[in-house]
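Have a look at the structure below, then the notes.
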Amino acid sequence: MVIVMNDRATDKDVELVTGNLTRMGLGVHVSRGAERVIIGVIGDVRKVSPEIVESYPGVERAVRILEPYKLASRKVRSTPTVVDCCGVQVGGREVVLIAGPCSVENLSMTLETARAARSGGAAMLRGGAFKPRSSPYSFQGLGLEGLEILAQARGETDLPVVTEVMAPEQVEIVAAHADMLQIGARNMQNFNLLQEVGRQRKPVMLKRGMMASVDEWLQAAEYVLAYGNMQVVLCERGIRTFETQTRFTLDLSAVPVVKKLTHLPVIVDPCHGTGKRDLVAPMAMAAVAAGADGIIIEAHPDPETALSDGPQSLRLEQISGLSASLSHIAAAIGRCMHPALPQGSLSRPQACPKPAQMVAPTQDSGVRGC
Ligand code: PEP
Ligand code: MN
């Protein structure tokens, strides 16, 4: 069972609920979000009547949930969560393009890529400083120096930065430099790491493990939510199948599936999903058509010499063409792309124009960004 307290609930109201449940022999897990407190009840909840709990002061709703994920479930929150990353909203009406190098290799290629991302219409910059490489002999990333380069690129372009964190002890330093923390596919079930990013307040992008079912992915998200961080963006990045034409099989059906099961936003990574540059644009367009809230792509000034993932990285001059294609798809489904920053200006423009047939956005997660 999940108990959602209303926005006027006091600490005393929360204590009354948790005290009564504990006396009934049930476990309680209290998540304090930016606006409200959510109490997860663990144990045999058949003896608890939701109607009685809802009569307690400060209680908005009590819901019995059988799925192993509760806070992530649509049953707890019917309106979509909008994750705010320094003013870039993921999960709202606008589709967000995130672009940048697979790995931060040095300052100059990162700045060049960040500038191209910005002028090409990206709303955020990606780049790996800590790299989860399959081989220990491959480039492992610049670590702290990479984080400093990313922060410099953000300072110059005003693009919020998302970067991967691989270990619980790195969370503090990565959160100090980045605006959104990426949990990579290989770490989707690193539960200590999930707990640690759940304890801090920067938004988290949780990639789907390459061998994870949707349920396992949502349970991983539940860890972050249960530890108090409600700002989670899911990212579909391809799963392992028998197919060898592509690096992974990009599971686009996961987008509408996840949208039905959870209120969390979902974005798609067509670069890792396919491994092939020429497949990135068609799969990105298909992802937006399927309802993805954003696309994350890799780009490099000279993909042939990239230290990681060159074959799937767009050339810098391809970013704007991708943005243009995505805007057509977004418009066709009553959405729009997050507006590109005007050249020479570091201030973010106002929201995109509303198409006539636009459905009024209902999203309001109450979460606040950076
Ligand atoms: C990446 O984004 O560069 C990356 C390593 O992604 P994934 O965890 O999806 O493989
Ligand atoms: Mn990569």
Side-chain angles (χ1 to χ4, degrees), residues 83-86 88 90-91 96-104 110 113-114 117 122-134 140-144 146-151 153-154 159-210 212 217 220-221 223-225 227 229 231-238 248 264-273 292-299 308-309 312-313 369-370:
V83 171
D84 185 318
C85 185
C86 304
V88 176
V90 189
V96 170
L97 177 63
I98 306 172
C102 174
S103 299
V104 173
T110 307
T113 310
M124 288 181 63
L125 176 66
R126 63 145 288 147
F130 294 99
K131 292 304 300 178
R133 304 307 301 279
S134 299
Q140 303 287 310
L142 296 181
L144 178 57
L147 294 179
E148 284 163 356
I149 290 175
L150 283 170
R154 180 199 28 218
L159 295 178
V161 164
V162 55
T163 194
E164 179 157 355
V165 55
M166 286 174 54
E169 58 275 15
Q170 288 169 358
V171 169
E172 196 178 338
I173 187 80
V174 174
H177 288 80
D179 305 299
M180 184 182 275
L181 275 54
Q182 172 174 332
I183 302 293
R186 291 157 190 81
N187 267 317
M188 189 206 83
Q189 286 186 316
N190 181 338
F191 300 114
N192 291 335
L193 180 58
L194 297 173
Q195 288 172 22
E196 206 53 39
V197 296
R199 287 192 189 100
Q200 59 81 52
R201 287 295 164 262
K202 292 268 169 98
V204 173
M205 183 182 91
L206 177 64
K207 288 193 139 190
R208 179 181 181 179
M210 59 189 79
W217 187 19
Y223 264 89
V224 183
L225 304 178
Y227 279 80
N229 189 347
Q231 300 201 84
V232 176
V233 176
L234 299 165
C235 178
E236 162 61 41
R237 49 78 69 208
F248 294 94
L264 297 173
V266 58
I267 66 170
V268 168
D269 175 347
C271 292
H272 291 89
D293 296 300
I295 299 294
I296 181 166
I297 55 132
E298 293 180 332
S308 60
D309 289 349
Q312 66 191 38
S313 297
C370 327

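When a residue number appears, it is its place in the shown sequence, counting from 1.
Between V165 and I183, the closest side-chain pair of non-hydrogen atoms falls below 4.5 Å. Side-chain atoms of C102 and Q312, non-hydrogen and from C-beta on, never get closer than 4.5 Å to each other. Proximity of I295 to P270: side-chain heavy atoms (C-beta onward) are separated by under 4.5 Å at one or more points.
The shortest non-hydrogen separation linking A185 to R237 is CB-NE, 3.3 Å. The two residues A221 and V232 come nearest to each other via the heavy atoms CB-CG1, 4.3 Å. In terms of heavy-atom proximity, A153 sits nearest to A114 at CB-CB, 4.0 Å. Taking each heavy atom of V83 and P265 in turn, the nearest pair found is CG2-CG, 3.8 Å. For the pair T163 and G127, the tightest heavy-atom approach, listed with the atom from each and the gap, is OG1-O, 2.5 Å. Of all heavy-atom pairs spanning A123 and V96, the tightest one is CB-CG1, 3.9 Å.
Panel note: side chain E236, backbone G238; a donor-acceptor pair is recorded below 3.5 Å. Proximity of a side-chain donor or acceptor of D293 to a complementary backbone N or O of V266 within less than 3.5 Å is detected. Panel note: side chain R154, backbone H177; a donor-acceptor pair is recorded below 3.5 Å. At least one donor-acceptor pair closer than 3.5 Å links the side chain of N229 to the backbone N or O of Q200. The backbone N or O of L181 lies less than 3.5 Å from no partner atom in the side chain of K202, so there is not a single donor-acceptor pair. A donor-acceptor contact shorter than 3.5 Å links the side chain of W217 to the backbone of L206. For D269 (side chain) and H272 (main-chain N/O), a donor-acceptor pair under 3.5 Å exists by modelled atom type.
With rounding to the nearest 0.5 angstrom, the OG atom of S103 is 6.0 Å from the CZ atom of R133. Remark: E164 CD to K131 NZ distance equals 6.0 Å, nearest 0.5 Å. For the atom pair I98 CD1 and I297 CD1, the distance stands at 10.0 Å (nearest 0.5 Å). Distance SG/C235 to CD1/I296: 6.0 Å, rounded to 0.5 Å. For the atom pair CZ (R199) and OH (Y227), the distance works out to 6.0 Å, reported to the nearest 0.5 Å. Distance check: L142 CG to L150 CG gives 9.5 Å after rounding to the nearest 0.5 Å.
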Compile the donor-acceptor pairs under 3.5 Å between side chains in residues 167-174 and protein atoms, sequence neighbours left out, one pair per line.
unit_1, atom_1, unit_2, atom_2, d
Q170, OE1, M166, N, 2.8
Q170, OE1, A167, N, 3.3

* Let me see the working for R126 and E298 under salt bridge (Lys or Arg N to Asp or Glu O under 4.0 Å), right down to the final yes or no. => CA-CA 8 Å; R126 63 145 288 147; E298 293 180 332; 3.4 Å; yes
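Listed by chain and number, the residues in a ring pair (Phe, Tyr, Trp, His ring centres under 6.0 Å) with Y223 are F191 (sequence neighbours excluded).
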